[in-house]
Amino acid sequence: MAFTSQDHLFMSRALQLAEQGLFTTKPNPRVGCVIVKDGKVVGEGAHLKAGEPHAEVFALQQAGANASGATAYVTLEPCNHTGRTPPCSHTLLKAGISKVVAAMQDPNPLVAGSGLAHLQAHGVEVASGLMQAQAEALNPGFIARMTRNMPYVRSKIAASLDGKTALSNGVSQWITGEAARADVQYWRARSCAILTGVGTVLADNPSMTVRLNGQPQIDAHGARMDIGLQPMRIIVDSALKTPLNAKILAGGNVLIAFAHDAEYKSAALLAAGAELLCIPNEQGKVCLKTLLAHLAAREINEVLAEAGEGLNGALLAQNMIDELLIYYAPKLMGGAAKSMFAMPAFSAMQQAVDLQILDVRNIGSDIRLRAKPVSK
C-alpha cells in the first residue's frame, strides 16, 4: 500500500521511541509504538527491558479508551507468542485497534508474519514495510541472530591516517583523542559482548568495560546508557596465556575461548572468575565460527570486537565482520607500525576487500568511519 506523509511522521516518532531502549533491551529487540486516532497521537510506548512490557502495552495504557478504532504504528511486527510477556497481537485486538502499521516483519521464527496474520484474520487492517531500513538499522544484532544464528559483529579500530594501530613495539595508547575514546563507550554500551584477543590483553591490559565517569548518560532520543549493564567480555586465547591478574577478569562476566591448556592454567582461571570454552579448530586455534554460534545461542545480539591485527584479520578472512568502526587520528605512524588486519599479500586488485561506506563524521580531532564489507 502507499504510505502517506502522516504515516511517515508517526512511524518516525515510533522509531525515536524505539531508540530509548538502545542500551537496555538486550537480548530483546528495540521497539517503539505510537497509537493515533483521528490524526492525533493518543498513546506512545517503548520497550525498555527484557521481561518488562512491550512497546504496544505501554502505548495502549496511555491511550486508554481512545485505543478503540485507532491505528497502531509499531517498528516491529507485534509478537504472536507467549515469551517473557503475553502476545501483543492479542493485546492489540482486545483494545479494539482497527489498523496496525509495522515497519518490518519480525525475523523471529516464532513470529515471522504470524502476528500480522493473526490481526488480519480477526478483522484488523495491517500493513508493513514503512521505513523498514531505519527499523532494521535499530536491530542488526537481533536480526542476525534470528536469521543466521550468529551475532552482528562490529569491529572497532583506532588507527593513524596511514592505517596503523600500534607502533612496532606494541605501544598503542593513545592513538585517538579523548572525544573518540568517549564515543567508543556508546558502542560498548549498546553491545551485548566485547571481543578481544589475548595479544591485546597482554599488550594493553584493558578492562573492556563501559565507563561513563560514574554518571548515566541520556542521548537525544532518551536512551539511557546505564553503567550497570556491562557487556560480557570475551577473550580469544588459544593457549590460555591470559594473566590471572589481568584487569579484564575483574568483576566476572568473562568468557575465555581456548584451544589447548598445555600449562594447566584452566583451574586457576576458573578460580579467578572466568568461564572457559574449549573450541579448537584443525589448526589448533580457537574456532571463531563455533564461538560466534555459541554466543548467538546465549542470546548475544551485537558483538564489539576491539582487537589487534591478528584477530581482526582472522575475522575478516572468515567473513565474520559485519561492520567496521574505524577512528582515524590525524597522525602518521610509519611503515614498520602494526596494521589493522593481518592479511596475506594480494597479487591482484580483485583480491582486495571492497567496502561500502555507511557514515563518515568528525569526532573531536579524529574521523570516524563506518563501513560494511561487500560480499563478492
Are side-chain heavy atoms of Leu116 and Pro78 found at a separation under 4.5 Å? yes
Any heavy-atom pair between the side chains of Val36 and Gln6 that's under 4.5 Å? no
For His8 and Phe3, take the angle between the two ring planes, folded into 0 to 90°, and tell me which bin it lands in: parallel under 30, tilted 30 to 60, perpendicular over 60. perpendicular
Could you tell me which residues satisfy side-chain hydrogen bond (donor to acceptor under 3.5 Å, both in side chains) with Asp162, sequence neighbours excluded, listed by chain and number? Ser160
Contacts of Arg188 that satisfy side-chain hydrogen bond (donor to acceptor under 3.5 Å, both in side chains) - sequence neighbours left out: Glu306
Identify all side-chain donor-acceptor contacts of residues 363-373 below 3.5 Å with residues at least two apart in sequence or on another chain.
unit_1, atom_1, unit_2, atom_2, d
Asp366, OD2, Gly177, N, 2.7
Arg368, NH1, Asp183, OD1, 3.4
Arg368, NH1, Asp183, OD2, 3.0
Arg368, NH2, Asp359, OD2, 3.4
Arg370, NE, Glu323, OE2, 2.7
Arg370, NH2, Glu323, OE2, 3.2
Lys372, NZ, Tyr152, OH, 3.3
Lys372, NZ, Asp322, O, 3.2

Checking Glu77 now: which residues fulfil salt bridge (charged side-chain N to carboxylate O under 4.0 Å, His left out) with it, not counting sequence neighbours? none
With Arg190 via salt bridge (charged side-chain N to carboxylate O under 4.0 Å, His left out) - residues at least two apart: Glu302
Using the rule side chain to side chain contact (heavy atoms under 4.5 Å, CB included), only one of Leu304, Leu195, Val210 pairs with Pro231; which is it? Val210
Members besides Leu358 in its Ile/Leu/Val/Met/Phe/Trp/Tyr cluster (side-chain heavy atoms under 4.5 Å): none
Which distance, rounded to the nearest 0.5 Å, do you find between the CD1 of Ile300 and the NE2 of His294? 8.5 Å
Taking atom CD of Gln105 and atom CD of Gln132, what is their separation to the nearest 0.5 Å? 8.0 Å
